[in-house]
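Please read the structure below before turning to the comments.
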Amino acid sequence: MKFKRKDVLGLEELTAEEITLILDTAEPMKEIMSRDIKKVPTLRGRSVITLFYEPSTRTRSSFELAAKYLGADTSSIAIATSSVQKGESLRDTARTLEAMAADVIIIRHSAAGAPHLLARWVKARVINAGDGAHEHPTQALLDMFTIREKKGGFKGLKVAILGDITHSRVARSNIWGLTKMGAEVRVVGPATLIPPEIERLGVKAYYDWEEGLKDVDVINVLRIQLERQKKGLFPSIREYTKLYGLDQQKLQVAKPDVLVLHPGPVNRGIEISPDVQDGPHAVINEQVTNGVAVRMALLYLLMAGGEKDELSA
């Protein structure tokens, strides 16, 4: 199967077959990462530009490493020192990047829909690295790759997404992806942090942590996004941690072999206790590794279309 899309803007629009192709392609990419020399010439001569309007450590660096491991040239636009600070619009920035003949533009933006606009304006392939509170497709794909690697598949799995659902683009992308692959998805958190119509997306909302986490196979813990929130959505950080922070007590109601995921960065001791974060159920560091492999797969599929290019050095 060839990957026929020009852009990857969200999991809402991807089919289950396309998601499977991406995850399957990430497997040999992870093998490349285990080599002493982590580089293949597959995308030699191609150019990848990262355009991040919001701060990022994991996503940005993993995209840059993914491109370099595949032999592509990379360039990073530092918004804080770019013409954006002089008033340049996204459309004018798009025209500038188009003139540079970039093959792929990876964009993170605070405005939902910004990657979709960029994709209309440029011939380059566009990957959404997070747009407002809308979607973060590559984070969800690496979460799914990690789950599949540990659990063998998705059908019949019970997955709880715990925390700030309202402000989380990670939650939305995971909901779209996991439900398409046959998992049962629950969202768990205070009513003020769960959208009132979330169940229209095919999930079940729980406001009681014990009921929501009972017998789940996977718990994906979300970061409390204080930078996106209005004040007053919960009384205090201390109370949130007591009621919804994942600790050993809450972990006991899940299945004995439950996986604990977190997209990072972790507010240690707030949404997850240190002993759970550093414990045997957590696969947070593996998610970071898998993130590079998944992003390698996406770059490969978008630029090579899934053709059988040689992946050896």
Side-chain angles (χ1 to χ4, degrees), residues 54-59 110 112 130 132-136 139-140 143 147 158-175 178 184-256 258-285 287-288:
E54 291 185 323
S56 172
T57 300
R58 291 162 183 77
T59 303
S110 59
H134 177 230
E135 278 218 49
H136 192 348
Q139 178 66 49
D143 292 344
I147 292 169
K158 295 179 181 178
V159 180
I161 304 176
L162 173 65
D164 183 1
I165 310 299
T166 295
H167 301 92
S168 176
R169 53 197 176 204
V170 173
R172 282 168 180 75
S173 289
N174 266 284
I175 288 168
L178 289 166
E184 175 193 311
V185 181
R186 308 172 177 185
V187 294
V188 185
T192 52
L193 294 180
I194 295 181
E197 298 182 353
I198 192 71
E199 292 189 343
R200 290 187 178 184
L201 300 184
V203 304
K204 177 73 174 174
Y206 292 86
Y207 309 110
D208 177 85
W209 67 263
E210 189 166 3
E211 187 180 358
L213 299 182
K214 185 175 176 58
D215 295 328
V216 298
D217 300 280
V218 179
I219 304 173
N220 197 342
V221 185
L222 301 176
R223 180 174 66 88
I224 295 297
Q225 300 191 36
L226 297 175
E227 74 278 11
R228 295 185 190 276
Q229 290 182 8
K230 297 177 182 178
K231 292 183 179 179
L233 293 180
F234 49 84
S236 67
I237 291 291
R238 182 177 180 181
E239 182 163 335
Y240 178 87
T241 300
K242 180 179 179 181
L243 294 176
Y244 295 101
L246 186 63
D247 53 24
Q248 289 294 341
Q249 177 191 4
K250 295 181 181 68
L251 205 61
Q252 296 306 311
V253 305
K255 288 188 177 176
V258 64
L259 284 184
V260 175
L261 285 74
H262 193 298
V266 179
N267 293 310
R268 184 177 279 265
I270 296 178
E271 63 255 3
I272 184 171
S273 65
D275 57 343
V276 173
Q277 181 180 342
D278 300 327
H281 297 282
V283 289
I284 298 170
N285 290 332
Q287 287 175 265
V288 177

Quick one: does [X]'s side chain get under 4.5 Å of [Y]'s, heavy atoms only?
{"X": "Glu271", "Y": "Leu222", "answer": "no"}
{"X": "Val260", "Y": "Leu251", "answer": "yes"}
{"X": "Val159", "Y": "Asp217", "answer": "no"}
{"X": "Lys250", "Y": "Leu162", "answer": "no"}
{"X": "Asn220", "Y": "Pro263", "answer": "yes"}
{"X": "Pro265", "Y": "Arg58", "answer": "yes"}
{"X": "Ile175", "Y": "Ile198", "answer": "yes"}

Worksheet item: Under the side-chain contact (heavy atoms from CB on, under 4.5 Å) criterion, do Gln287 and Gln139 qualify, and how do the steps go?
Response: CA-CA 9 Å; Gln287 287 175 265; Gln139 178 66 49; 3.9 Å; yes
Discussion item. So if I apply the side-chain contact (heavy atoms from CB on, under 4.5 Å) rule between Ile161 and each of Val170, Val218, Asn174, which one comes out positive?
Written reply: Asn174
Worksheet entry | Val221 and Val276: CA distance, side-chain angles, deciding distance, side-chain contact (heavy atoms from CB on, under 4.5 Å) verdict | CA-CA 11 Å; Val221 185; Val276 173; over 6 Å; no
Discussion item. To check you understand the geometry: which heavy-atom pair defines the closest contact between Ala171 and Ser168, and what is its length?
Written reply: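 Smallest interatomic distance, heavy atoms only, reads N-OG, 2.9 Å.
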Worksheet entry | Distance-minimising heavy-atom pair for Ala282 and Gln277 | CB-O, 3.3 Å
Worksheet item: Stepwise, does the side-chain contact (heavy atoms from CB on, under 4.5 Å) test hold for Tyr240 with Leu193?
Response: CA-CA 11 Å; Tyr240 178 87; Leu193 294 180; 4.2 Å; yes
Is there a donor-acceptor pair closer than 3.5 Å between any side-chain N or O of [X] and the backbone N or O of [Y]?
{"X": "Arg169", "Y": "Gly132", "result": "yes"}
{"X": "Tyr244", "Y": "Glu239", "result": "no"}
{"X": "Arg172", "Y": "Thr166", "result": "yes"}
{"X": "Glu199", "Y": "Ala205", "result": "yes"}

Worksheet item: Within a radius of less than 6.0 Å around CG of Asn285, do more than 12 heavy atoms belonging to other residues, nucleotides or ligands occur?
Response: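 Atom CG in Asn285 is not crowded, with 12 or fewer foreign heavy atoms closer than 6.0 Å.
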Discussion item. Can you confirm whether more than 12 heavy atoms, excluding those of Lys255, are under 6.0 Å from its NZ atom?
Written reply: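 Counting other residues, nucleotides and ligands, NZ of Lys255 exceeds 12 neighbours.
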Practice prompt. For the pair Val203 and Leu178, evaluate side-chain contact (heavy atoms from CB on, under 4.5 Å) and give the outcome as yes or no after the intermediate values.
Written response: CA-CA 10 Å; Val203 304; Leu178 289 166; over 6 Å; no
Worksheet item: Would you call Asp278 and Arg268 a salt bridge, taking side-chain N to carboxylate O under 4.0 Å as the test?
Response: yes
Worksheet item: Are a donor atom and an acceptor atom from the side chains of Ser173 and Glu135 found within less than 3.5 Å of each other?
Response: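 Yes, because at least one side-chain N or O of Ser173 sits under 3.5 Å from a partner of the opposite role on Glu135.
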Supply the atom-to-atom distance [X] [atom1] to [Y] [atom2], rounded to the nearest 0.5 angstrom.
{"X": "Leu213", "Y": "Ile219", "atom1": "CG", "atom2": "CD1", "result": "4.5 Å"}
{"X": "Ile272", "Y": "His262", "atom1": "CD1", "atom2": "NE2", "result": "6.5 Å"}
{"X": "His167", "Y": "Arg223", "atom1": "NE2", "atom2": "CZ", "result": "11.5 Å"}
{"X": "Asp143", "Y": "Leu259", "atom1": "CG", "atom2": "CG", "result": "11.0 Å"}

